[in-house]
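Here the structure is laid out as structure tokens; the discussion comes afterwards.
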2 protein chains.
Amino acid sequence: MAAHSLDALNPAFQNVQYAVRGELAIKAELLRDKLKEPAHGLPFDKVISSNIGNPQQKGLDQPPITFTRQVAALMEWPELAKLAPDVFPADVLERAEELRREIGSIGAYSHSQARDGYPADPATIFLTGGASAGVSLLINMLINTPKAGILIPIPQYPLYTASLAQHQGVPIPYYLDEPNGWSTSVASIEDALADARKEGVIPKGLVVINPGNPTGALLDEATQEALVRLCEANGLVLLADEVYQDNLHRRATHPFTSFKKIVSRLDSRVPLVSFHSISKGVSGECGRRGGYFECTNFTEEVIALLYKMVSVGLCPPLAGQIGVDSMVRPPQPGSPSYALWKQETDTIHAALAQRTSIMSARLNALPGVSCVDSPGALYLYPRIRLSEKARKAAEEEGKEPDALYALRLLDATGICVVPGSGFGQREGEWHYRLTCLCPGVEEYVGKLEKFHLEWVGKYGVE
Amino acid sequence: MAAHSLDALNPAFQNVQYAVRGELAIKAELLRDKLKEPAHGLPFDKVISSNIGNPQQKGLDQPPITFTRQVAALMEWPELAKLAPDVFPADVLERAEELRREIGSIGAYSHSQARDGYPADPATIFLTGGASAGVSLLINMLINTPKAGILIPIPQYPLYTASLAQHQGVPIPYYLDEPNGWSTSVASIEDALADARKEGVIPKGLVVINPGNPTGALLDEATQEALVRLCEANGLVLLADEVYQDNLHRRATHPFTSFKKIVSRLDSRVPLVSFHSISKGVSGECGRRGGYFECTNFTEEVIALLYKMVSVGLCPPLAGQIGVDSMVRPPQPGSPSYALWKQETDTIHAALAQRTSIMSARLNALPGVSCVDSPGALYLYPRIRLSEKARKAAEEEGKEPDALYALRLLDATGICVVPGSGFGQREGEWHYRLTCLCPGVEEYVGKLEKFHLEWVGKYGVE
């Protein structure tokens, strides 16, 4: 029947690629099921999903912040405040009571906009179910013709290319500078703009991911100022993905500065959209689906247009909105929940910084591997040199060489990473992205090392 | 700056209309804020949001099902099972423990597909954040050219026209038969198909809302069979919006039958998508954002395409998924939570049936008003005859006549309804949709009656 065969469907869907949950992730799930069989015959006893920044998943088990969960439990079943008042700290009871007064039942649709509680004009802040929904909406809004394009960093988080494919816009790639710690070069963006215009593409926006995904790089303020000026000069909307702003491993040397701050300081009129999420940071509440985007320098009529569009989707989940509240208003010094909150968040920050540092050092020591020691986010993005023999083996299997590497790694160790071809890389270079969330870093890196040395033994180095 | 002025944005966005949260709903919020001022000068002391099926909103306060909320509270903060075990029934503790074993932390991303627990192939069931996200995705997928169209009932829930506008497909309207209780006529669909083809539109799918929104009508099985045959004959995907399947006021005479059952019984190969949601029914958990769609007779490659697309959005909220679990696996007779669950759901069913019946009778008694007594869903959709004088007054204000009626109703009573022009109606007819969720039905209907009689006093009847 023609109505539901692939060639009768929206061709844009077929151009969408999202490697983070692609072939390897699907195979990892099959292996996880297979491990449940008594005689599974696999050379490992657990699958480690390092393909996705999902801190609370089984096997990683980063604990949630207790304050957030206590407030959320009271919102779910308010009777608890009467039936078991002694198990909740006073500030948790107060916060839940305050939220109940404000929003009523979490089973009711809410507004799609922030109503208050933020140090900004609430009419310009839209609550979302994680950052992804907002990014997709903004890209959909900006693409007004099939020649409209958006500048995206390479490597990038594939949400951007996937959204552009779905909404039929043109990705305009600009390359990050790996030898300089994955830094962003304004000149390379200007080159990309010139090339795009030569091909008739109309640039509409600039995506900046800070801290970077998959790179973990942090922008310095001078670069941020230059990027704002570049957007002004070229009439671009600045899309600032800042979801990793609280995942900082070396705050003294690599601090985070928001683009809102830069735009405000420069008194710039550049239209800016800042994305944030509760899925990352110390919150790690991926499953709640909470986040927001803030629009700066947008006209009232465009804000009204956005409001109308988000209204069609009714509202983001209330559990996510409670998570946003807890993220932007954590317990303060002197409150009953502060000590535990401080201890929990310190532990998360320290573990991530330590694992990132150990893993990058150990990866760098391997033959044919170089790895920037990320100062932020949840990932490393090591470069792997793959020999001609390895590249031929991949060609014979109809795969990219880094995809073959990742597949063999999964088969041998149960570790699921995402090949660099899913994020983008320069022609002839190969990488993979892995998360630094896994506990038992010794065993984990040990498996990566053993596999890599066996690979090199079989295929040699470049 | 051209980049963010309206005329530089996706023109499809400007064609999107969503009256349920449109001008009247925005004005209702402003009035609600104004009521907080001591000397507000308004002729009412509360705003009643009858524009949206949101049972747990403030002022309506339909209580949530206790079982659902107890399980959800334990999922939020599992320590509660140890700290306050006595406040939870045994089956609640068991269910939470079972879900924790299955999904781990609700702070982790889950699969986007159902994994098990359903009497169907889980690979064909996609969990969503309410039904709307699934509807939008399916429409986006089916629209493969700007000439592709989808048959939609008139009146319809405006999600369908909004999604078609956003994804640039053609709505093909077919009219429901108001004098016959808003029934669906296969002949009128065939006429609509013929008209569309004459204009070069390529029909791709048929939307059926059963029970109807805004009409509350229920399809009989003979009509359902004929609709399946019509889809077969015309190569259409059947999109069955069944989110009100448990809101039935007269089950004996007006039962609900799913299209899955009809398609199975006919052994039909028609591709069917069935949408369901926890926002309606006795659950009424709008704010959790939970639902699912099930694909029947889809090829594996189309299922894989859908899986890829939902993966880009990562996963629906876990709070919504817990709500789906509770909806499809409620407490059973003999379990500790059953008696309370039965009492709570019986109360909700009885209140809705009673209010719907009282309201439709009272509305029918008004001059110039006729109202089908809905056997299902949460709404009434009365027809109002508006005089030439009223139509002229509306024209002078640049509004549709029913929009003027709804605006004056809001100004006079604080009751917010949605004019029929937001759902669609025959040329020269006027309606509005209101929910039957409001407690204090005497006072509520009294206000509607008083306003209508004053309106008729001023403008006369048609």
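Here is the naming used below: chain letters follow the sequence lines, and residue numbers restart at 1 for every chain.
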Heavy-atom contact with chain A under 4.5 Å, split by part of [X]:
X	answer
B:L83	both
B:I278	neither
B:S279	side chain
B:N140	both

query: Taking NZ, NE, NH1 and NH2 as the nitrogens, is one of them in A:E76 or B:R288 under 4.0 Å from a carboxylate oxygen of the other?
result: yes
message: Checking an interface table here. Which of residues 129-139 of chain B come within a heavy-atom distance under 4.5 Å of chain A?
response: B:S132, B:L137
Report yes or no: does [X] contribute a side-chain atom to a donor-acceptor pair with the main-chain N or O of [Y] at less than 3.5 Å?
X	Y	answer
B:K308	A:Q17	no
B:K58	A:E102	yes
A:K204	B:A8	yes

Side chain / backbone / both / neither for A:R69 at chain B, heavy atoms under 4.5 Å: both
- prompt: Among B:L159, B:V16, B:V87, who wins on heavy-atom pairs under 4.5 Å with chain A?
  reply: B:V16
field: Choice from B:I52, B:L80, B:I106, B:N54 maximising heavy atom contacts with chain A below 4.5 Å
entry: B:N54
Do you know which of [options] has the most heavy-atom pairs under 4.5 Å to chain B?
options	result
A:G104, A:G205, A:A84, A:A73	A:A73
A:E285, A:Q62, A:M141, A:Q166	A:M141
A:G290, A:A162, A:A72, A:G323	A:A72

statement: All heavy atoms of A:A108 vs all of B:C286, minimum pair found to be C-CB, 4.2 Å
Out of curiosity, [X] [atom1] to [Y] [atom2], how far, rounded to the nearest 0.5 Å?
X	Y	atom1	atom2	result
B:N10	A:L142	CG	CG	9.0 Å
A:L318	B:Q56	CG	CD	9.5 Å
B:Y109	A:Q57	OH	CD	10.5 Å

message: In this structure, is the centre-to-centre distance between the rings of A:F88 and B:W77 below 6.0 Å?
response: yes
